[in-house]
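In what follows, a single structure is set out as structure tokens and then discussed.
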Amino acid sequence: MALANRNLVTIDDLSNGEIESLFSLADDMHNAMEKQINLCRGKIMASLFFEPSTRTKLSFEAAMHRLGGSVISVVDVKATSLAKGESIADMARVVGSYADIIVVRHPWEGAARVIADYAGVPVINAGDGGHEHPTQTLCDLYALKKERRTLKGLRIALWGDLKHGRTVHSLTYALARFGAIIHFRSGPGLELPEYVKRKLETEYTGRLERYENISNIIKDSRFPIDAIYITPGSPHQLANIPDVSMQIELDKGVEALYVTRLQMERLSGKADEGLKKEEYPVVDKKLLKGKEFAETLVLHPLPRVDELARDIDADPRSMYFKQAALGVPVRMALIALLLGAKKAPAVEEDRSFIRKTEYTPCHYVYGIKCPNRNCVSHYEKESIKPEFTIVCRRPLILRCVYCEHEVSPPFIASSEWHEGKLINKQYHSASSHWARKIKAENLIVFSSEKDAEVRGFKPSHYAKKRYRISKKEVEL
Ligand code: NCD
């Protein structure tokens, strides 16, 4: 399996087979830690942490030392030329000429992608704002697999701050790809972001049941959830799951609880106004007494605050310290593979959960900005421009290529206007049927009427109205 020279920016950069073979190498590392000392001798890892970190940073650095390599590091933006206004793209070019591999944590969502685009050496995302944290997911899956052998059919609840928790986002995608059944149990106002839900609905083979559709089934449940993602053995079974089966599914409880803390540092004024911190769900001895949790493993990426009571630390179901310890062999395997110091044993891909990956890029974007204030596209204006892919035609939805947040432009036109007839240089409401009619490769999007008009487009008959799109017309 060829992993040499690749990046790990999102968990979807690795196929299921590649993750499995990385785990088998992690087993070898775990079983003979001291014997790996010559694997990466002479190689340098740059460890760039622009946000606090204990586990991720130290386990990466420990991993590189165990492989015999060296580490150069930065822990503070203020100690780098970023503080003088240098772009992260320029920083990436320079650091890429000093080191053989870069591990980066940055508060901007999409920062790791920009660094990977410019560094010229493998880049590992160690957390980009509230977006993704793929190596934590590798540790989480590895810990789960060690206890439960397979992830297929595993019932797991993701618990806490599902909105801002980057570990949750990466883990959700991976669990969906491995065929797990995911119960989402968020704190109030902290549900999964819309873009994560849409990815689950459109890219993976299972089915997401949103709260709106299951509220009457789950209202009496002791364990309230906001949504459930189901991947039965074969995708066509999904169409027929009646409410009764859903009730049975819920009654089975979960085999693992993945607890996360409230991401205080990511709460953003208006969007998180009115958040009831006192209602944040807590996992403690009392909760675990319930018979539905008799065999439930408790995981947490750590650090914990108040959401995970200390009274369960000695409980055999508590896995979180073991999970953190596994970070070293997993990251040793990852570094060795990306540096080409090891080849991963080939593992056959399970074709039943292959995800859709290809979306058409939107080539003509005028005035549209990513709605996520924390997206790297708002900060790195010199080195990148806003870029989007078309994830849904009707209603029209674009996805930012950096942070994956979604935007729905209000006006559209076709780039084919110039085919002889100037009269066709018209723009339309994006809610009109034109959103489907214009070929994706010709689609022009505008943020306002003015944006269209300064480019010589005139309003069509379909520009003035917002059209309602019936369920039947929705087209992904
Ligand atoms: C997580 C992170 O940084 O996102 N921690 C980690 O890497 N182990 C989770 C958190 O900070 O809550």
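Each ligand, and each atom within it, is numbered from 1 in the order the structure gives. Count residues from 1 along the sequence.
- Counting heavy-atom neighbours within 6.0 Å of Glu295 CD, excluding the residue itself, gives a total of 12 or less.
- Donor-acceptor pairing under 3.5 Å is recorded for the side chains of Glu380 and Ser383.
- With Cys370 as the fixed residue, the side-chain contact (heavy atoms from CB on, under 4.5 Å) test singles out one of Glu109, Arg399, His405, Glu406: His405.
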Show the distances, to 0.1 Å, for all pairs joining an N/O atom of ligand 1 and a protein N/O atom that are shorter than 3.5 Å, listing one pair per line.
from	atom 1	to	atom 2	distance (Å)
ligand 1	3 (O)	Arg105	NH1	3.4
ligand 1	3 (O)	Arg105	NH2	3.2
ligand 1	3 (O)	Arg166	NH2	2.9
ligand 1	4 (O)	Arg166	NE	2.8
ligand 1	5 (N)	Leu302	O	3.0
ligand 1	7 (O)	Thr56	OG1	2.8
ligand 1	7 (O)	Arg105	NH2	3.1
ligand 1	7 (O)	His133	NE2	2.8
ligand 1	8 (N)	Gln136	OE1	3.2
ligand 1	8 (N)	Pro301	O	3.0
ligand 1	8 (N)	Leu302	O	3.1
ligand 1	11 (O)	Arg261	NE	3.4
ligand 1	11 (O)	Arg261	NH2	2.9
ligand 1	12 (O)	Arg261	NE	2.7
ligand 1	12 (O)	Arg261	NH2	3.4
ligand 1	12 (O)	Gln263	NE2	2.9

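- Side-chain atoms of Tyr204 do not come within 3.5 Å of backbone N or O of Lys199 as any donor-acceptor pair.
- No cation-pi contact links Arg93 to Tyr118, judged by a cut-off of 6.0 Å to the six-membered ring centre and 45° from its axis.
- Partners of Arg210 under the side-chain hydrogen bond (donor to acceptor under 3.5 Å, both in side chains) rule, at least two apart in sequence or in another chain, are Glu194, Glu201.
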